[in-house]
Engineer: 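Take a look at this one; I'll ask things after.
Each chain gets a letter, A, B and so on, in the order its sequence line appears, and its residues count up from 1. Please read these numbers as outputs of a predicted model, since none were measured by experiment.
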Protein chains: 2
Amino acid sequence: MNIGLAAKHSNVNAKTIRYYESIGLIPDASRTGNGYRTYSDKDVETLRFIHHSRNLGFSVKDVGTLLDLWRNQKRASADVKALALSHIKEVDRKIEELRKVRDTLTHLTQRCHGDDRPDCPILKGLAGETVDA
Amino acid sequence: MNIGLAAKHSNVNAKTIRYYESIGLIPDASRTGNGYRTYSDKDVETLRFIHHSRNLGFSVKDVGTLLDLWRNQKRASADVKALALSHIKEVDRKIEELRKVRDTLTHLTQRCHGDDRPDCPILKGLAGETVDA
DNA sequence: GATAAGGGTTCCAGAGACTGGAAGGTCAAC
DNA sequence: GTTGACCTTCCAGTCTCTGGAACCCTTATC
């Protein structure tokens, strides 16, 4: 199948597929006589794997590692698990950070009248002034 | 003061200060005879405002808007609040997304033995297979 | 006076992960 | 034969810095 169909079936943009090829995440696609890239069902499967991995927040580099492990029949599941656990830790860190951000923002906005007066605890907070409860 | 000291006092990297100047987030600094940029305490205050805003996840563009509002004595606090609320919404969206990601990853890793055997529910999950409880 | 350390300056390139656009070739249908 | 939907390549832009090279200025020390 052509790149457009592969894109449709895998939910990976055609442009992105070419990009993945250019950075070596996937091997160069074979070409038909007219120079068009062709993809097999197996290629689409790979693209789907990539799509899922990216959706779960793995970096493209990590996806490369996961692809290697996926293709390697002699892999140890411990290697995969280690990568996943370290990623979970990172996700947790990000969630915690965002939670703090949200709490601060909520605190500030709750104290802001939000009318046509210029007094604004949000700006004061950003400027570094303490905004009391 | 020179850029290094301004950086120290504001917690904004000297390189980043120059970058902010280059994109017009802050006005061009005045220069001493030798061509060095000079900063006043007020400039440092502005940099701190920027630092706090960026820490709370506002985009540089939004920080520009916030700076305008901050400097404008006739602003309406409603404008600031609207920006902040919309940002909170975005942060909430991200937290929710990350929580889903973490749940999926946790589900998969809990089912992975993580030993030297190749069988791995994580890879199966990424490939699209259903991984049952 | 030479030199070294520790500032500062500019400009260019790279990061990550795409995405958009221009300029053009190909193919199937009408 | 022309339209429209594909495909191709290559370059530039997004966003927010950060690193590095090559160079200048100031001050202190030998």
Engineer: Establish, with yes or no, whether the OP1 or OP2 oxygen of C/dG16 is under 4.0 angstrom from a side-chain nitrogen or oxygen of A/R54.
Structural biologist: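 So the side-chain polar atoms of A/R54 never come under 4.0 Å of the phosphate oxygens OP1 or OP2 of C/dG16.
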
Engineer: Could B/D115 and A/K81 be called an ion pair, given the rule that one side-chain N must be under 4.0 Å from one carboxylate O?
Structural biologist: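 A/K81 and B/D115: not salt-bridged.
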
Engineer: Kindly point out which of C/dC18, D/dT8, C/dT10 is positioned nearest to the side chain of A/Y19?
Structural biologist: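 Ranking C/dC18, D/dT8, C/dT10 by closest atom to the A/Y19 side chain puts C/dC18 first.
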
Engineer: Check B/E96 with B/K100, please: is the shortest side-chain N to carboxylate O separation under 4.0 Å?
Structural biologist: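 The answer is no: the pair does not qualify as a salt bridge.
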
Engineer: Can you measure A/M1 atom CE to D/dC6 atom C1' for me and round it to whole angstrom units?
Structural biologist: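 Value for this atom pair: 16 Å.
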
Engineer: Rounded off to whole Å, could you give me the NZ-to-P distance for the B/K61 and D/dT14 pair?
Structural biologist: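 For the pair B/K61 NZ and D/dT14 P, the rounded distance is 12 Å.
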
Engineer: Starting at CG of B/N11, measure out to CD1 of B/I50 and round the result to the nearest 0.5 Å.
Structural biologist: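 These two atoms lie 13.0 Å from each other.
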
Engineer: CD1 of A/I50 versus C1' of C/dA17: gap in Å, rounded?
Structural biologist: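 About 13 Å, once rounded to whole Å.
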
Engineer: Under 4.0 Å between a side-chain N/O of B/Y36 and OP1 or OP2 of D/dC24, yes or no?
Structural biologist: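 Indeed not, no polar side-chain atom of B/Y36 lies that close.
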
Engineer: Do A/K15 side-chain and C/dG20 base share a donor-acceptor contact under 3.5 Å?
Structural biologist: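 Indeed, a donor on one side and an acceptor on the other fall under 3.5 Å apart.
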
Engineer: A/E21 has an atom CD; how far is it from atom P of D/dC10, in whole Å?
Structural biologist: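 Result: 12 Å.
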
Engineer: Find the distance A/R31:CZ to C/dC27:C1' and express it as a whole number of Å.
Structural biologist: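 Checked: the CZ to C1' distance equals 17 Å.
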
Engineer: Rounded to whole Å, how long is the line connecting atom CD1 of B/I26 with atom C1' of D/dT16?
Structural biologist: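 Result: 14 Å.
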
Engineer: Provide, to the nearest angstrom, the distance between the CG atom belonging to A/N13 and the P atom belonging to D/dT14.
Structural biologist: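 Checked: the CG to P distance equals 19 Å.
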
Engineer: Roughly, in whole Å, what's the span from CG in B/N55 to C1' in D/dC17?
Structural biologist: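 The distance from CG of B/N55 to C1' of D/dC17 comes to 14 Å, rounded to the nearest Å.
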
Engineer: Just wondering, more than 12 heavy atoms not from B/N34 lying within 6.0 Å of its CG?
Structural biologist: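 Yes, enclosed.
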
Engineer: Have a look at B/R18 and say if it touches a base, only the backbone sugar-phosphate, or nothing, with a 4.0 Å heavy-atom cut-off.
Structural biologist: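 Base: the residue B/R18, judged by heavy atoms under 4.0 Å, touches a nucleobase.
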
Engineer: Would you mind classifying the nucleic acid contact of A/I23 as base, sugar-phosphate or nothing, using non-hydrogen atoms under 4.0 angstrom?
Structural biologist: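 Since no nucleic acid heavy atom lies under 4.0 Å of A/I23, the category is nothing.
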
Engineer: Going by atom types alone, do A/D43 and A/S40 pair a side-chain donor with an acceptor below 3.5 Å?
Structural biologist: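 A/S40 and A/D43 do have a side-chain donor-acceptor pair below 3.5 Å.
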
Engineer: Would you say B/N34 reaches C/dT9's phosphate, i.e. side-chain N/O to OP1/OP2 under 4.0 Å?
Structural biologist: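 So the side chain of B/N34 is outside the cut-off, no N or O lying under 4.0 Å from OP1 or OP2 of C/dT9.
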
Engineer: Do the side-chain N or O atoms of A/Y20 get closer than 4.0 angstrom to the phosphate oxygens (OP1, OP2) of C/dC18?
Structural biologist: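 Answer yes for this pair, as a side-chain N or O of A/Y20 is under 4.0 Å from OP1 or OP2.
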
Engineer: With a cut-off of less than 4.0 Å, is there a side-chain N or O of B/R37 near OP1 or OP2 of C/dT10?
Structural biologist: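 Answer yes for this pair, as a side-chain N or O of B/R37 is under 4.0 Å from OP1 or OP2.
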
Engineer: Distance check: side-chain N/O of B/T16 vs OP1/OP2 of D/dT16, anything under 4.0 Å?
Structural biologist: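 Looking at the OP1 and OP2 atoms of D/dT16, neither is under 4.0 Å from any side-chain N or O of B/T16.
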
